[in-house]
Asker: 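Sharing a structure, written as structure tokens. Questions coming.
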Amino acid sequence: MTIMMDPDIASIDVPTLAEATAFIWAEADMLDRLDYKQWLPLWTENGRYIIPTERGIDDYDDRLNIVNDNAEMRAARVKRLLSGFSMSSAPPARTVRTVSRFVQLADDGGLTLRAAQIVAEYKYERMRILAADVVYRIVREDDGLKIDRKVVTLVNCDDYQHGIGYLL
Amino acid sequence: MSNADLAEMVRPDRALTPLYTDADIFTEEMERIFKNTWVWVAHSSDIASPNSFKTSHVGLEQVIVTRDKEGKIHTLLNRCRHRAASVCEKRQGKASVFVCPYHGWSYEPNGRLRKVPHKAGYPAEFDSVEYGLVSLRTEEYNGLIFATFKQDIEPLVDYLGPARKWIDLFMKQGGGYPVKALGEHRFRFPGNWKIQLENTTDAYHFPIVHKTFLDSLDAESENVFDVLGQGGWVEDLGNGHSVMVMIPDLIDLEENLDAPIPQRFMDLAKELAEEGYPDDQVRKIVRAVGGAGFNLNLFPNVACSMAFFRVLRPIKVDETEITHVAIGMDGGPAAANRMRLRLHEHFQGPMGFGTPDDAEGWERVQRGARSGQDLWIMLNRGVDAPEGCAEPGHNAGDVSAETGMRAAYQMWKRMMTA
């Protein structure tokens with residue numbers, strides 16, 4: 001797409017697809033290893049982490065979501081998951097995830113990507129699969145790439161889930 | 001299983017483990033309880049306009065709750081009278097007709113059979129009137145819609161009895177506006193439905209299971225959620241219903257409007273004032289936005305729980321689906337409804353700060369109950385309720401008493417041995 005060469009934007013070095021996918025894989029690995037303390041600084045200051053309950057929408061703030069986190073809520077969430085006092089996350093289900101089928105959507109100063117995520121989770125004699133469409137907006141800041149937005153739309157987001165004691 | 005056998009499994013202060021684990025008992029419950037009493041199916045705002053509908057369940061039975069063009073509410077079995085295909089697979093929407101996808105029989109929102117394609121293939125005496133969708137008796141109280149297969153049951157208002165007062169109090173969280181359903185979290189857990197029924201009247205678990213939720217609050221809010229320390233109580237309301245008051249200060253949301261606005265609602269109050277809402281209305285909305293200070297448990301499947309509706313749906317003896325319906329102010333300020341949505345997301349839902357730990361706890365109950373079928377589930381906790389709280393004549397205990405569970409199990413016993 002064509003972008004306006006605004007002086008502020010023009011000076012920004014938009015991440016390449018290869019950089020962004022490598023970054024997203026590193027994030028996925030971090031989440032599977034429960035390395036949440038390293039995960040928090042991956043976000044921009046105003047970054048939004050959203051897991052909706054409906055498909056095909058773009059206004060999340062006036063709808064009910066599974067997650068709609070700003071920086072403060074992300075930090076509180078990580079604190080809770082690592083506290084040892086939440087029985088659903090101490091320990092959580094083990095997870096193994098892949099992210100693939102990347103499609104580049106826009107570069108408006110950052111790189112917006114659509115991808116497929118498949119998570120296998122295991123706990124209590126049981127394996128479950130969680131499939132999702134994920135949209136990322138990745139931007140470059142002075143200290144590296146950051147997630148500015150991550151919307152994880154589960155394939156069955158408008159149906160029932162089970163308790164999820166880890167991050168998607 | 002005989003009535004005597006079933007009766008022996010529930011004593012005044014305990015219930016026997018097979019109530020969680022025995023598939024035959026589950027089958028009997030679906031017949032004797034869920035097809036035999038008032039079961040919550042929808043909120044009136046789910047079907048706000050003529051020709052709107054929502055699919056729901058009465059026990060294991062799938063139903064469509066509709067509002068016809070005259071505004072009357074119906075609950076219809078979601079099954080074509082010809083060869084059984086479901087006639088609606090949408091969760092919610094608008095429809096002036098339900099057409100069976102298999103052979104094209106079509107039904108009106110009031111259940112009447114409208115048209116049968118190629119009708120000449122049926123004998124002349126074929127009477128459409130006999131082939132409407134099966135219609136359940138349906139009644140509404142203050143926005144809560146219930147349906148029942150039992151046509152000769154007592155009126156809903158009588159079944160609810162003293163619970164009506166608490167429903168009316170609960171609806172005050174509309175802040176002067178009608179209460180509206182804003183969205184739903186749905187999740188399942190591998191455990192019996194009665195484990196969830198108990199939980200809504202269980203304050204005892206709160207500080208243990210929800211420690212991480214409490215830790216995520218500011219100090220003032222953490223005090224508000226000190227549910228065991230505020231002189232609350234649990235009160236038996238008859239017919240298996242009960243109320244658990246955790247925050248007595250938040251029983252009546254239209255009282256105490258001059259109290260200082262809590263820290264966590266200051267930004268909202270400022271925003272509403274800037275939008276031009278007068279001070280008394282701001283105070284009313286802000287006091288309502290966090291919800292009520294009690295859980296009203298209605299036997300067998302719904303609760304008005306602080307700031308949301310909790311609906312349980314039995315799936316199997318060891319599987320239950322829960323819906324947490326977020327509610328807000330119909331026509332109220334967008335900022336207030338956004339705040340309600342964020343508060344709901346904070347605790348509720350598959351990744352809330354509360355729900356996953358509840359679900360894990362209930363799963364652990366079911367896993368533990370695989371062992372010791374001859375052991376009792378103990379429901380004997382509770383000391384006297386604080387003086388002067390409960391209505392005279394009602395059985396009541398302190399806030400952490402298992403009074404509400406005992407009430408529900410006595411209703412279970414009454415219905416299962418009737």
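In what follows, chains carry the letters A, B, and so on, assigned in the order in which the sequence lines appear, proteins first and then strands, with residues in each chain numbered from 1. Note: hydrogens, waters and symmetry copies are ignored here, and every other heavy atom, side chains too, is used.
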Asker: Kindly check if the number of other-residue, nucleotide or ligand heavy atoms within 6.0 Å of CG (Asp143(A)) is above 12?
Answerer: yes
Asker: Using atom types as modelled and distance alone, determine if a side-chain donor or acceptor of Arg91(B) lies under 3.5 Å from a backbone N or O of Asp158(A).
Answerer: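 Checking the backbone N and O of Asp158(A) against the side chain of Arg91(B), a donor-acceptor pair under 3.5 Å is found.
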Asker: Grab the two heavy atoms, one from Asp159(A) and one from Arg186(B), that are nearest each other, plus how far apart they are.
Answerer: OD1-NH2, 3.0 Å
Asker: Between Leu81(A) and chain B, which part of the residue has a heavy atom less than 4.5 Å away: side chain, backbone, both or neither?
Answerer: neither
Asker: In the structure I gave you, are the side-chain heavy atoms of Glu184(B) and Thr53(A) within less than 4.5 Å of one another anywhere?
Answerer: no
Asker: Heavy-atom distances under 4.5 Å only: say whether Arg77(A) touches chain B with side chain, backbone, both or neither.
Answerer: both
Asker: Do other residues, nucleotides or ligands put more than 12 heavy atoms under 6.0 Å from the NZ atom of Lys180(B)?
Answerer: no
Asker: For the residue pair Leu341(B) and Asp61(A), what are the closest heavy atoms and their distance?
Answerer: CD1-O, 4.0 Å
Asker: Gln161(A) and Met351(B): side-chain contact (heavy atoms from CB on, under 4.5 Å), yes or no, with the steps?
Answerer: CA-CA 10 Å; Gln161(A) 311 298 327; Met351(B) 290 178 76; over 6 Å; no
Asker: In this structure, are over 12 heavy atoms from other groups packed under 6.0 Å from Phe225(B) atom CZ?
Answerer: yes
Asker: Please walk me through it: do Glu345(B) and Val67(A) pass side-chain contact (heavy atoms from CB on, under 4.5 Å)?
Answerer: CA-CA 7 Å; Glu345(B) 290 160 355; Val67(A) 171; over 6 Å; no
Asker: Give, as side chain, backbone, both or neither, the part of Tyr166(A) having an atom under 4.5 angstrom from any heavy atom of chain B.
Answerer: backbone
Asker: Got more than 12 heavy atoms from elsewhere within 6.0 Å of CZ, Arg94(A)?
Answerer: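 Check fails, neighbour count at 12 or below.
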Asker: Roughly how far, to the nearest 0.5 Å, is the CZ atom of Phe85(A) from the CD1 atom of Ile208(B)?
Answerer: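 These two atoms lie 11.0 Å from each other.
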Asker: Is a salt bridge present between Glu125(A) and Arg367(B), judged by a nitrogen-to-oxygen distance below 4.0 Å?
Answerer: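 A salt bridge is present here (some side-chain N lies under 4.0 Å from a carboxylate O).
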Asker: Chain A: which of Pro350(B), Ala326(B), Pro356(B), Gly183(B) shares the most heavy-atom pairs with it under 4.5 Å?
Answerer: Pro350(B)
Asker: Are Lys211(B) and Ser83(A) packed together at the side-chain level, in the sense that at least one heavy-atom pair is separated by less than 4.5 angstrom?
Answerer: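 No, side chains not in contact.
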Asker: Once you round to the nearest 0.5 Å, how far does CG of Asp358(B) lie from OG of Ser88(A)?
Answerer: 9.5 Å
Asker: Among Asn65(A), Asp62(A), Asn68(A), which residue has the highest count of heavy-atom pairs closer than 4.5 Å to chain B?
Answerer: Asn65(A)
Asker: Could you check whether atom CG of Asp29(A) has more than 12 heavy atoms from other residues, nucleotides or ligands sitting under 6.0 Å from it?
Answerer: yes
Asker: Quick check for you: to the nearest 0.5 Å, what is the distance between Asp69(A) atom CG and His346(B) atom NE2?
Answerer: 9.5 Å
Asker: Does a side-chain N-to-carboxylate-O contact under 4.0 Å join Glu72(A) and Arg342(B)?
Answerer: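 A salt bridge is absent here (no side-chain N lies under 4.0 Å from a carboxylate O).
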Asker: Could you pull out the closest heavy-atom pair between Arg188(B) and His162(A), with the gap in Å?
Answerer: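 Closest heavy-atom pair between Arg188(B) and His162(A): O-CD2, 3.1 Å.
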Asker: Can you give me the closest heavy-atom contact between Ile66(A) and His185(B), atom names plus distance?
Answerer: CA-NE2, 3.7 Å
Asker: Ignoring hydrogens, what is the shortest heavy-atom contact between Arg80(A) and Phe353(B)? Give both atom names and the distance.
Answerer: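 It is NH1-O, 3.2 Å.
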Asker: Where do Glu360(B) and Lys123(A) land on the side-chain contact (heavy atoms from CB on, under 4.5 Å) test, with the steps shown first?
Answerer: CA-CA 11 Å; Glu360(B) 183 97 358; Lys123(A) 193 174 187 179; 2.5 Å; yes
Asker: Given that the side chain runs from C-beta out, which part of Asp215(B) has a heavy atom under 4.5 Å from chain A: side chain, backbone, both or neither?
Answerer: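 The answer is both parts of Asp215(B).
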Asker: Near Lys94(B) NZ, under 6.0 Å, is it more than 12 heavy atoms from other residues, nucleotides or ligands?
Answerer: yes
Asker: Go through Gly163(A), Ser86(A), Ser89(A) and name the one with the most non-hydrogen pairs under 4.5 angstrom from chain B.
Answerer: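 Heavy-atom pairs under 4.5 Å are most numerous for Ser86(A).
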